[in-house]
Visitor: 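One structure coming up, written as structure tokens, with questions to follow.
All residue numbers refer to positions in the sequence shown, counting from 1.
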Amino acid sequence: MLLVCLASMLLLNGYTHHMFGAEPDGAVQPTGGSASVPRQILRGGAVIDAAEGKPRSVAPKPRTIALTFDDGPDPVWTPKILDLLRQQQVHATFFVVGTAVAEHPDLARRIVAEGHQIAVHSFTHANLSTAAGWRRSIELRQSQLILAGATGVSTTLLRPPYSSEPSALSDRDWKALQQSRDAGYLAVLTSQDSEDWRRPGTQQVIANSMPRSTAGQVLLMHDAGGDRSQTVEALSKLLPRLKARGFRFATVGDAVGLPDPTRPASTWDKARGHAVIWAMKISDGVLAVLGWLLYAAGALSVLRAITTVIAARRHARMRNWTYGPPVTEPVSVIVPAYNESAGIEAAIRSLVASDHPLEVIVVDDGSTDGTADLVEGLGIPGVRVIRQANAGKPVALNTGLQAARFELIVMVDGDTVFEPDAVRKLIQPFGHPAVGAVSGNAKVGNRGGLLGRWQHIEYVIGFNLDRRLFDLAECMPTVPGAVGAFRRTALERIGGLSDVTLAEDTDLTMALCRDGWRVVYEESAVAWTEAPASLGALWRQRYRWCYGTLQAMWKHRGAMLQRGRAGKFGRRGLTYLLLFQVLLPLLAPVVDVFAIYGLVFLDPVRVLGVWAGFVLLQLAMGFYAFRLDGERIGPLWTLPLQQFVYRQLMYLVVIQSVFTALAGTRLRWQRMERYGSLEAPVVR
């Protein structure tokens, strides 16, 4: 719904500001023949009634000049012209553009209040002769509504943009005038053009405006559309000079003897006019906000790229860092399992093939697909199965923790396959007594399809680059459930795992950080996980992850005010998550929406250049991240395509998660469907 409203506001803004009116009045010349234009119209006066079958025209009375101004109101030049007209006690006719009236309704009211005639110059300064019939109707109707909303009056006078003298009318022009007559308008063309739109100089504007005879004239000038200082200066000299020669100035209606073309608007039209004006103001405000959000999104994207790349570079230089003496003590590996029969055998066999001593504890959480029976049937020494009624993953992990015999605990998802050296490398940081948990390097194993490649890119560029930064800044927010190790003492000190959030791994890691433990990243400890194989499964997984992360961030918000390692985590880790994993995804759709807006209404080359810049930034990060992780860069060719599908899905996940959190809805844990695609350790 928000997207539809946003698109509507942008469509309105684009229509009113960028589709028409870019050229000055005299820059567009009429084209085509005039066979259908009646002869008496071509040779007649500037005020035309284009009624079917009875077209008529009339010119101002002798020695009468109908002074007219187009394209306003303008906040700079219209007040100056009005002041000058008041000083000279002259009334004129202002042909106003609807969008300008919506921006400056006070000036439109002043025009009417000071006795001038106000008339229509279309809604967006569109060329009515070349516009489709439905668009002409919009241009005329919306102009009237805005006039009604701003001034309380309506008018029957219309000057089509880009029109000139009656003799220049073409067949297309005449057809447009006939349609406007059907809508109730009299057309007001010109008989004398000051050509002030050319800005030829004050003296030339005066010369162009001087009558060649005593015949009445409809004089065209402009009070908007750029710098009108020449018009104001010329007018200040022209009015007294022509008065001295016996000419009088009048509105169009008075000059040709028409009944008053303005009348009070109906209450309904006034209300609708106010609605149109406010809709346009809101659309302008939306675009202004979008502009600032676009800058914010761009700044955050660049800041994230620079920050993560610099941190990753520094982290990579620490590869030979040792936390202390080698850790050789045995490890307890806990595998929580709920209906994991598809992939549990590959996971167990990869663990027992480890080059480090360990025990494996499979906690079957009420599976209905024979997971426990399958593991027991393997008959592998050192593998225990504990059965319990279904109670959720955190409870299953706590059950395994109570049954574990060793101080070092590795937690593994049932769809994860370990490299033979992964456990040994994963626990080496425990050589430092301050380390309470270690995050391993989770990689996507089923990366064959397009969706798998996209997730593979996300894991390498996003997750692993971020973890290098978190490790360096000592603010790791998540040890992934797929591959993580913990000190038993640390887990017991915080009371084990909690089930109050859907992201139990994030909640657990944040609790350890707040308790003063250091959490690090060991990139060489590689495990392969099975990623969702469908968009629906991916949506459910990421929705749970994102919502659970928001829950954990709210739960541990107190870390922002703590000291020591807890304070580092709060002020660094939570701030990073808020900026780059919540705020940036919320802002990122702005880039896409604005790109579409720009392609339709602005300079498409410039817009495509900006979008290409974002993609190149992503590619640069991707090349560096893949190089650090020793991955082939082949999948990166799908990155530009990823921007059109996968990225939008991730944004919508964040948006829905934020709305769910704000609504206070309790989201239940959702298990991902397993396919058993990881049958053996993957060799890079």
Visitor: Minimum heavy-atom separation for Gly484 and Val479, please, with both atom names.
Guide: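 So the minimum-distance heavy-atom pair works out to CA-CG1, 3.4 Å.
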Visitor: Less than 4.5 Å apart, side chain to side chain, heavy atoms only: is that true for Asp365 and Pro336?
Guide: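 No, every pair of side-chain atoms sits at 4.5 Å or beyond.
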Visitor: Please round to the nearest 0.5 Å and tell me the distance separating atom OG of Ser354 and atom CZ of Arg349.
Guide: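 The distance works out to 15.5 Å.
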Visitor: Which atoms form the tightest heavy-atom contact between Thr501 and Ala552, and what is the distance?
Guide: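 Scanning both residues, the minimum pair turns out to be CG2-N, 4.1 Å.
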Visitor: As an exercise, state the distance from CD1 of Ile461 to CZ of Phe463, rounded to the nearest 0.5 Å.
Guide: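 Interatomic distance, Ile461 CD1 to Phe463 CZ, rounded to 0.5 Å: 11.5 Å.
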Visitor: Starting from the C-alpha separation in whole Å, work towards a yes-or-no answer on salt bridge (Lys or Arg N to Asp or Glu O under 4.0 Å) for Asp355 and Arg424.
Guide: CA-CA 7 Å; Asp355 62 5; Arg424 173 173 55 81; 3.1 Å; yes
Visitor: Would you say the side-chain atoms of Gln455 and Arg447 include a donor-acceptor pair closer than 3.5 Å?
Guide: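 The criterion, which ignores hydrogens and geometry beyond distance, is not satisfied for Arg447 and Gln455.
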Visitor: Side chains of Glu522 and Asn441: is there a donor and an acceptor less than 3.5 Å apart?
Guide: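 Asn441 and Glu522 do not have a side-chain donor-acceptor pair below 3.5 Å.
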Visitor: Are Glu474 and Arg572 close enough, and set up right, to give a salt bridge (Lys or Arg N to Asp or Glu O under 4.0 Å), and what steps lead you there?
Guide: CA-CA 8 Å; Glu474 299 183 24; Arg572 297 176 184 178; 5.8 Å; no
Visitor: Can you tell if the side chain of Glu419 reaches within under 4.5 Å of the side chain of Trp528, non-hydrogen atoms only?
Guide: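 Counting from C-beta outward, Glu419 and Trp528 do come under 4.5 Å.
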Visitor: Between Asn446 and Glu530, is there a donor-acceptor pair closer than 3.5 Å when you use the side chain of the first and the backbone of the second?
Guide: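 Not at all, since once roles are kept as given, no pair shorter than 3.5 Å links the two residues.
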Visitor: Verify the neighbour count for atom CZ of Arg557: are there more than 12 heavy atoms of other residues, nucleotides or ligands below 6.0 Å?
Guide: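 Above 12, so yes.
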Visitor: Could you tell me whether the side chain of Arg487 and the main chain of Val435 form a donor-acceptor pair under 3.5 Å?
Guide: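 A pair under 3.5 Å: yes.
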Visitor: How many angstroms lie between CG in Leu469 and CG in Asn464, if you round to the nearest 0.5 Å?
Guide: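 Separation between the atoms: 12.5 Å.
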Visitor: Any side-chain heavy-atom pair from Gln388 and Asp364 closer than 4.5 angstrom?
Guide: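 They are not in side-chain contact.
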Visitor: May I have the step-by-step check of salt bridge (Lys or Arg N to Asp or Glu O under 4.0 Å) for Lys393 and Glu504, ending in yes or no?
Guide: CA-CA 8 Å; Lys393 185 177 179 181; Glu504 77 290 329; 3.3 Å; yes
Visitor: Rounded at 0.5 Å granularity, tell me how far CG in Leu465 sits from OG1 in Thr307.
Guide: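 Result: 11.5 Å between the selected atoms.
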Visitor: Examine the side chains of Glu340 and Thr371 and answer whether a donor and an acceptor come within less than 3.5 Å of each other.
Guide: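 Absent: no donor and acceptor within the cut-off.
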Visitor: Quick one: pull up CG in Leu619 and CG in Leu639 and give me the separation to the nearest 0.5 Å.
Guide: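 If we round to the nearest 0.5 Å, Leu619:CG and Leu639:CG are 4.5 Å apart.
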Visitor: Regarding Glu523 and Arg467, does a basic nitrogen lie under 4.0 Å from an acidic carboxylate oxygen?
Guide: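 No, no charged N to carboxylate O under 4.0 Å.
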Visitor: May I ask you to check whether His356 and Phe418 place their ring centers less than 6.0 Å from one another?
Guide: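 Ring centres of Phe418 and His356 not closer than 6.0 Å.
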Visitor: Would you say the side chain of Glu458 lies within less than 4.5 Å of the side chain of Met650, judging by non-hydrogen atoms?
Guide: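 Yes - at least one pair of side-chain heavy atoms lies under 4.5 Å apart.
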Visitor: As a test of understanding, state which of Asp507, Asn398, Asp505 forms a side chain to side chain contact (heavy atoms under 4.5 Å, CB included) with Leu497.
Guide: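 The side chain to side chain contact (heavy atoms under 4.5 Å, CB included) with Leu497 is passed solely by Asn398 among Asp507, Asn398, Asp505.
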Visitor: Without hydrogens or angle criteria, can the side chains of Thr660 and Tyr543 be said to hold a donor-acceptor pair below 3.5 Å?
Guide: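 Note: Thr660 and Tyr543 side chains meet the donor-acceptor criterion.
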Visitor: Does any non-hydrogen side-chain atom of Arg542 lie less than 4.5 Å from one of Trp545?
Guide: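 Yes, side chains in contact.
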Visitor: State, yes or no, whether a side-chain contact exists between Asp466 and Arg304 at a heavy-atom distance under 4.5 Å.
Guide: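 Asp466 vs Arg304: side chains touch.
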Visitor: Looking at OG of Ser332 and CD1 of Ile409, how far apart are the two atoms once the value is rounded to the nearest 0.5 Å?
Guide: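 CD1 of Ile409 is found 4.5 Å from OG of Ser332.
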Visitor: Are the charged groups of Asp515 and Arg565 less than 4.0 angstrom apart, N to O?
Guide: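 No, Asp515 and Arg565 are not salt-bridged.
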Visitor: Begin from the C-alpha positions of Thr416 and Asp413 and carry the test side chain to side chain donor-acceptor pair (under 3.5 Å) through to its verdict.
Guide: CA-CA 6 Å; Thr416 303; Asp413 286 341; 4.7 Å; no
Visitor: If you measure only the distance, is there a donor-acceptor pair under 3.5 Å linking the side chains of Glu407 and Thr489?
Guide: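 Short answer, yes.
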Visitor: Could you tell me which residues satisfy side chain to side chain donor-acceptor pair (under 3.5 Å) with Thr478, sequence neighbours excluded, listed by chain and number?
Guide: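 For Thr478 the side chain to side chain donor-acceptor pair (under 3.5 Å) partners, ignoring immediate neighbours, are Thr506.
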Visitor: If we only count heavy atoms from C-beta on, is the Tyr521 to Met476 side-chain gap below 4.5 Å?
Guide: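 Yes, side chains in contact.
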Visitor: Is Asp415 close to Thr529 at the side-chain level, that is, under 4.5 Å between some pair of heavy atoms?
Guide: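 A side-chain contact exists here, since the closest heavy-atom pair is under 4.5 Å.
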